[in-house]
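To keep things clear, I will list the structure first and then write my remarks on it.
Starting from 1, each residue takes its place in the sequence as its number. Both counts, for ligands and for their atoms, begin at 1 and track the order of listing. Because the structure is a prediction, the values reported are computed rather than measured.
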Amino acid sequence: MTRAYLGTLAHLRRDPFQYPGALEIIERGALWVDERGRIVAFGDAGRIRRQLPPDAEIVDFGRAWLLPGLVDAHLHFPQYHVVAAANRGLLSWLRDSVYPAELAFRDPRYAAGVADALVSRLLRSGVTTAVMFGSQFPEATEALFEAARRRGLRLIAGITLMDRDGPEPLRTDPETAWRIAERLVQRYGDDPRLRYALTPRFALSCSPELLRMCGEFRRRYPQVYLQTHINETREEIAAVLRAFPDALHYLDVYDRFGLLGRRTLLAHNIHPQGSEMRALAESGSSVCHCPSSNLFLGSGLFPLRRHVQHGVPLAVGTDVGAGLHFWVWEELSECHKIQRLQGEAPTVAQLLHLVTLGAAQALALEAEIGNFAPGKAADFWVLDVAGDPYLDQRLRRCQSLEDQLFVLMHLARPDQCRAVFAAGRPCAGEAVES
Ligand code: GUN
Ligand code: ZN
């Protein structure tokens, strides 16, 4: 049945880093969705209501906000139970806390329980698209894809690849990695909401042979994604340059094996060299900024302006388990603070871009998601703070709807996500805890 959802609509018509007027907020707005879960139109509620067919159902969310589904562009499935581990930086945290936690995913029943809990938790907090490092164990990663398929989460994921560094059971040799990737690409390739991502963990955990295999696989199956980490900490960068002494810089390691380009997503990139930024921009690869992770591990302050100046497509991720929560909306508040520490102040529109339209562009999914443009999938969520007397009063004191959105970026909580729709279907589901 065709439906119209009423509320305050907020989304980006285009890139606010280039167009200052890109943010559109419609106070008594309506989003018209057809029976296939596609957006037909959006706009003033009165105008849309006059255009609807007589049998259309009206769902009125009152003063709540309707926002495009959030994109969490970087998190780790097998780190679900290692959030907030005491640490003294990336490399020792991986060795002492992360690798032992990831070993537990050998148990397929445990992995399936976590997959359900994680997917449900993401959807309940407005995340309709996630890009994830899967488990090293294929059965566990399949459980993740199955949970996403059942509940309607749009998922880009793959088994985490490593063949040096870390305990033996977490390692996969290049031939096995090829076979697993091929099987999963074939199994999920027909589902428009699921995509496979080659996932070499980072340069330090991969042999040249494993990286070469990823490059060859990409040439054979150009539709697959590739995700990895880069330039996260100075200690890591020094170790990478020791391990790959011929490389010009960290990016060059990936470039040499043909891993860069559209559909490549590099997490962090906090400490890039000047020549590296130019090469990155030329390659067409995207970067995912993970604010709360960068603060928790003490990795550094992300140079947002340099990325924008170079035209690098950007997204934001929680990076669970280095990130401390599962709600990517909250990352916008952390992102603001990290930029303030560097004298910058991204606008509300620019922050929203990083988890909606900009993220969609960074993932080559802008024809499908990111805003309310007619024809796109009706992936959206409803933020309702009506039951919160303080927030209600605080919002009444704002000068504009844009100011209200800024306050909501800092003060809204995940339990204020009232409903979530993926391709027009309600999908928040019940809480599954694991
Ligand atoms: N670099 C390599 N592996 C990881 C990981 O699991 N988390 C983070 N934050 N950085 C990494
Ligand atoms: Zn990560």
*Quick one: nearest non-hydrogen protein atom to atom 3 (N) of ligand 1, plus distance?*
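Minimum-distance protein heavy atom for atom 3 (N) of ligand 1 reads R201 NE, 2.8 Å.
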_Minimum-distance protein heavy atom relative to atom 4 (C) of ligand 1_ =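 Looking at atom 4 (C) of ligand 1, the protein heavy atom closest to it is H229 CE1, 3.4 Å.
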*Does F133 come within less than 4.0 Å of ligand 1, judged by its heavy atoms?*
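Under 4.0 Å: no for F133.
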*contact_flag E236 ligand 1 heavy-atom lt 4.0 Å*: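 E236 does not count as a contact of ligand 1 under the 4.0 Å cut-off.
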Taking 4.0 angstrom as the limit and counting only heavy atoms of [X], give me the atoms of ligand 1 inside it, by number and element.
X: L94; result: 2 (C), 3 (N), 4 (C), 5 (C), 6 (O)
X: Q79; result: 5 (C), 6 (O)
X: H268; result: 9 (N)
X: D319; result: 8 (C), 9 (N)
X: W93; result: 7 (N), 8 (C)

Side-chain donor-acceptor pair present, [X], [Y], cut-off under 3.5 Å:
X: N269; Y: Y250; answer: no
X: S205; Y: D165; answer: no
X: Q227; Y: H74; answer: no

_Give me the atom names and distance for the closest heavy-atom approach of Q136 to L170._
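Looking at all heavy atoms of both residues, the shortest contact is CG-O, 3.3 Å.
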*Is R121 close enough and on-axis enough to F326, meaning under 6.0 Å and within 45°, for cation-pi?*
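Yes; both conditions hold, so R121 lies above the ring face of F326.
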*asked:* Below the 2.8 Å mark, what number of protein N, O or S atoms do you get around the Zn ion (ligand 2)?
replied: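 Excluding waters, the total comes to 4.
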*So which of E146, E142, R193 actually passes side-chain hydrogen bond (donor to acceptor under 3.5 Å, both in side chains) with Y188?*
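Option passing the side-chain hydrogen bond (donor to acceptor under 3.5 Å, both in side chains) with Y188: E146.
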*For E232, is at least one N or O under 3.5 Å away from an N or O on ligand 1?*
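Among all N and O atoms of E232, at least one is under 3.5 Å from an N or O of ligand 1.
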_Check: H268 ring centre within less than 6.0 Å of H289 ring centre_ =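 Not close enough - the centres of the two rings lie 6.0 Å or further apart.
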*asked:* Check this for me, if you would: do R201 and E102 make a salt bridge, where the nitrogen-to-carboxylate-oxygen distance has to be below 4.0 angstrom?
replied: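 Result for this pair is yes, salt bridge flagged.
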*In this structure, are over 12 heavy atoms from other groups packed under 6.0 Å from R306 atom CZ?*
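More than 12 heavy atoms, drawn from other residues, nucleotides or ligands, come within 6.0 Å of this atom.
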*Looking at residues at least two apart in the chain, or sitting in another chain, which of them share a side-chain hydrogen bond (donor to acceptor under 3.5 Å, both in side chains) with E209?*
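Testing E209 for side-chain hydrogen bond (donor to acceptor under 3.5 Å, both in side chains), a comparison that skips the adjacent residues, returns S207.
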